[in-house]
Protein chains: 2
Amino acid sequence: MKEKDVYKNSFDECSLTYALSVIGGKWRLPILWALNQQGPVRYNELKRSIHGITNMMLTQSLKELESYHIIHRQQYLEVPPRVEYSLTEHGESLMPTLKALAKWGKNVKNSLS
Amino acid sequence: MKEKDVYKNSFDECSLTYALSVIGGKWRLPILWALNQQGPVRYNELKRSIHGITNMMLTQSLKELESYHIIHRQQYLEVPPRVEYSLTEHGESLMPTLKALAKWGKNVKNSLS
DNA sequence: CAGCATCCTACCGGATACTG
DNA sequence: CAGTATCCGGTAGGATGCTG
């Protein structure tokens, strides 16, 4: 095995860093979590269920998540305007891993007390 | 099911946030990754294998990871001083999840191109 | 060899007000 | 209802030099 091949094994650090950059940030996880639980959700509904978030942050985070194709934005041409957000396949496929991470986090937290 | 019980299901967002705060930060992942691959590693060895990290950042990150009991610091009372870092059980137990996350990240990245 | 102290900068996240 | 625009402060991260 060549030396640089070492870096391809185990887990690929770049993909990992990328994944973290996707779900990182203060509000991404709460948003994904809300979408996972509530299914298609309207903007203001989402805002109400995520305590403390501002329009600024919600809009920005939604756009970023959408650009990664993690969530889907469905706009209905109605009056008053109606927009619904939901997880895409990619978003859904993240959930099991997040659960595993949460479980791990719980263990770590418990071991410290 | 009571309304607030909804928040206990699926995955626990607080533990998840906690987990991310543990593995977050710019250098934590590269460090864990290096330790996972190389086993017990000395300080300067670690520094060399993580391109671009400074003493400041390495020391700080190691301390933080140690405080979470994710890594272990073994000091040998020798001259010159020798210190070796390695993953703890908790650290090891994180690896499968990280691999899953990396795999997911790869998929997401590929789907964008 | 392994690590600390100091200073500094960039950017993430936020408050507030406005709009199609 | 579903967003934008503008301004702003705190903190994570970094450069540099020093030490047991």
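Everything numeric in this text was worked out from a predicted model, so none of it was measured.
Atom CD1 in A/Ile53 sits roughly 8 Å away from atom P in C/dG14 (whole-Å rounding). Summarising the geometry, the separation between CG on B/Leu29 and P on D/dA12 is reported as 18 Å, rounded to the nearest angstrom. Here C/dC11 presents its C1' atom at 12 Å from NZ of B/Lys26, a figure rounded to the nearest Å. Here C/dG13 presents its C1' atom at 8 Å from CD of A/Gln60, a figure rounded to the nearest Å. A/Arg82 has its CZ atom 19 Å from the C1' atom of C/dG20, to the nearest Å. Between the CG atom of A/Leu62 and the C1' atom of D/dT4 there is a distance of 14 Å, rounded to whole Å. Rounded to whole Å, atom P of C/dA2 lies 10 Å from atom CG of B/Leu46. The distance from atom CE of A/Met57 to atom P of D/dG9 is 16 Å, rounded to the nearest whole Å.
Distance check: B/Ile71 CD1 to B/Tyr85 OH gives 6.5 Å after rounding to the nearest 0.5 Å. The CG atom of A/Asn44 lies 8.5 Å from the CG atom of A/Leu58; values are rounded to the nearest 0.5 Å. With rounding to the nearest 0.5 Å, the separation of OG in A/Ser15 from NZ in B/Lys109 is 4.5 Å. Here the straight-line distance linking atom CD of B/Glu66 with atom CZ of B/Arg73 works out to 6.5 Å at 0.5 Å rounding. To the nearest 0.5 angstrom, B/Leu32 atom CG is 7.0 Å from B/Leu98 atom CG.
A close approach under 4.0 Å does not occur between any side-chain nitrogen or oxygen of B/Arg42 and OP1 or OP2 of C/dC1. For the pair B/Trp27 and D/dA12, the criterion of a side-chain N or O lying under 4.0 Å from OP1 or OP2 is not met.
In this model, no donor atom of one side chain and acceptor atom of the other lie less than 3.5 Å apart for A/Tyr68 and B/Ser111. A side-chain donor from one of B/Gln74 and B/His72 sits under 3.5 Å from a side-chain acceptor of the other.
Of all nucleotides listed (C/dC4, D/dT4, C/dA2), C/dC4 comes nearest to the side chain of B/Lys63. Distance from the side chain of A/Thr59 is smallest for D/dT4 among the nucleotides D/dG13, C/dG13, D/dT4. In the set C/dG14, D/dG14, C/dG3, the nucleotide with an atom closest to the side chain of B/Tyr85 is C/dG3.
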Item checked: Residues B/Glu84, B/Arg82; criterion salt bridge (Lys or Arg N to Asp or Glu O under 4.0 Å); working and verdict -> CA-CA 7 Å; B/Glu84 284 185 349; B/Arg82 179 162 141 248; 3.7 Å; yes
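Residues from residues 67-77 of chain B that place a heavy atom under 4.0 Å from any atom of DNA chain D: there are none.
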Next item on the list: Would you give a per-nucleotide map of nucleotides 15-20 of chain D, 5' to 3', where B means the base has a protein non-hydrogen atom under 4.0 Å away, S means only the sugar-phosphate does, and - means neither?
Entry: B----B
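A donor-acceptor pair is defined here as one N or O able to donate and one able to accept, closer than 3.5 Å; such a pair exists between the side chain of A/Arg28 and the backbone of A/Ser21.
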